[in-house]
Amino acid sequence: MTPPAQPPPGTNPLTEALERQPVHATVLVIFGATGDLAKRKLLPALYNLAHEGALPEHFALIGNARSELSDEEFRASAVASVREFSRREPDETVLDKLFADARYVSGSFGDDEVFESLATILPELDERAGVTLNRCFYLSTAPEFFPVIVKQLGAHDLGEPADAEARVIIEKPFGTRLQEARELNETVLSVFEERQVFRIDHYLGKETVQNVLALRFANGMFEPLWNRNYIDHVQITASEDIGIGTRAGYYDNAGALRDLVQNHMLQLLTLLCMEPPVDFSADEVRNEKVKVLRAIHAPTEDEVADMTVRGQYTAGNVAGVDVPGYLDEDGVPEDSHTETFAALRLEVDNWRWAGVPMVLRTGKSLARKVTEIAVTLKPVPHIAFTGEGSQGVRPNVLVLTVQPNEGVSLAIGAKIPGTRMAIRQVQMEFLYGSAFLSQSPEAYERLILDAMRGDATLFTRNDEVEAQWNIIDPIIAAWQRTTEPPARYEAGSQGPAEAQTLLGANRAWRMI
Ligand code: BG6
């Protein structure tokens, strides 16, 4: 038999899927182009796409924000942002070329002149490219401006170019309550069709989050176990070691529940629990995700106390550094009850999952940054080994680590070498870093490219975002009603001890 062909030296056959797909000529308009997100994430992501040759041959960029800047000043600031925040050292030629023709329109989002200028510049760019460019409008602004900008785009007929596609990319948070999300959906869908709308949840752009689907649906061994018969409970953790930094203005109104649970954590939960889609097209995948969200019973306000814990950090020490408590952070009111930690016990009430506790926790200023999904299987029904060694038999745990040390590990019982039948848990591990030998792209690179290609699989659909809020809304309402302050936890710790109550007997949170 002929042996399989060897890959050329220096190539890694496991990274083949990273090859790029074609993208139609596009102009990207960033509203809020001088803001923090644009500087830290969007402009560096564009650079890295350019570096890899993934942007279309005809690509144009227009920035808009309130600051008075010339085109030249905007270009210089974009270059500076890439130098500071790009994941790779920029190549000067690629960097210069990327922003050489970038345009800037200054003005407030409500100003007609901004949109009139866009209406002049966009056709000029088409003319110059010799092709009608698809238009992507990226709303990277404070959320109160989302409806303002969308209405302006509609009023100035920018949402429907002849012979090309227009798309709108909307950052989070998409509303702050269910009613607001509904109203925002109505406004957006009065100007754009759903297929043109790309609601960002950057967790969906993370390679390791997409790997949840690969693990489940590309392997025969997990799916038979993936149900209430074999799974005892699921723990999803998104802990951060940083505090709120300079974001008090936003964070004190949002809190951990809105900031991370309503979006990122519910996304992780739905990917873990969804049924296999017919294919990986945007609607098939999102149909299945929405079914999971609908199967999660939205708590009544009275149930909230038993199924949630909220906490707030006090002064402490994170990784050797003394840090202030939340109430002493700049800009936080001294009597704030905003939660910087949230833990929830949910149940996906369907045939596959009924009765399996799904516990979620997230918080700022905890011991360590880690995002993981840990699936604990039920214990074996009978332990045949007698004697002291059998005490080491523990349930299997499958851990999908989203970050850092991206990978998958399975805790299994193994015999400790020696004459006794003593068992210990050991780890079988797959680590992205060593298996693929390449740096994963940043989430925003993948998402910007997908939006430019019109593929909405990794974006949140209108009914999905409303189904998320439907679960979160009663919790917000109950927390707002109570006069009790949140449980306290020391910065750098594992979070409030009260969170233990959500797990039930014989279960413990994993160490952060
Ligand atoms: C953002 C939140 O959506 O996600 C931040 O607003 C949080 O508060 C961040 O720090 C976490 O993202 P990542 O990719 O660092 O896990």
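Both counts, for ligands and for their atoms, begin at 1 and track the order of listing. Predicted, not measured: the structure shown is a model, and the values here were computed from it.
- At least one side-chain heavy atom of E223 sits less than 4.5 Å from a side-chain heavy atom of R216.
- For ligand 1, the atoms lying closer than 4.0 Å to a non-hydrogen atom of K364 are 5 (C), 7 (C), 8 (O), 10 (O).
- A salt bridge links E52 with R87: the closest approach of a Lys/Arg side-chain nitrogen to an acidic carboxylate oxygen falls below 4.0 angstrom.
- Salt bridge status for K369 with D241: absent, with no side-chain N to carboxylate O gap under 4.0 Å.
- Atom-to-atom distance recorded for K291:NZ and I296:CD1 is 14.5 Å, nearest 0.5 angstrom.
- What sits closest to atom 15 (O) of ligand 1 on the protein, heavy atoms only, is K369 NZ, 2.9 Å.
- Scanning the protein for heavy atoms near atom 14 (O) of ligand 1, the closest one is K206 NZ, 2.6 Å.
- Residue contact check: K172 has heavy atoms under 4.0 Å from atoms 1 (C), 2 (C), 3 (O), 6 (O) of ligand 1.
- Shortest contact from atom 10 (O) of ligand 1 to any protein heavy atom: E240 OE2, 2.5 Å.
- The shortest side-chain heavy-atom distance between E339 and W479 falls under the 4.5 Å cut-off.
- By the 4.0 Å N-to-carboxylate-O rule, R135 lies too far from E165 to be salt-bridged with it.
- Using a 4.0 Å cutoff on heavy atoms, Y203 counts as a contact of ligand 1.
- Counting the atoms of ligand 1 from 1 in the order shown, those under 4.0 Å from a heavy atom of Q403 are 13 (P), 16 (O).
- At the shortest separation from atom 12 (O) of ligand 1 among protein heavy atoms lies H202 NE2, 3.2 Å.
- Remark: the E303 side chain and the H297 side chain contain an N/O donor-acceptor pair separated by less than 3.5 Å.
- Residue contact check: D259 has heavy atoms under 4.0 Å from atoms 2 (C), 5 (C), 6 (O), 8 (O) of ligand 1.
- Of all the atoms in ligand 1, the ones that sit under 4.0 Å from a non-hydrogen atom of H264 are 1 (C), 3 (O), 4 (O).
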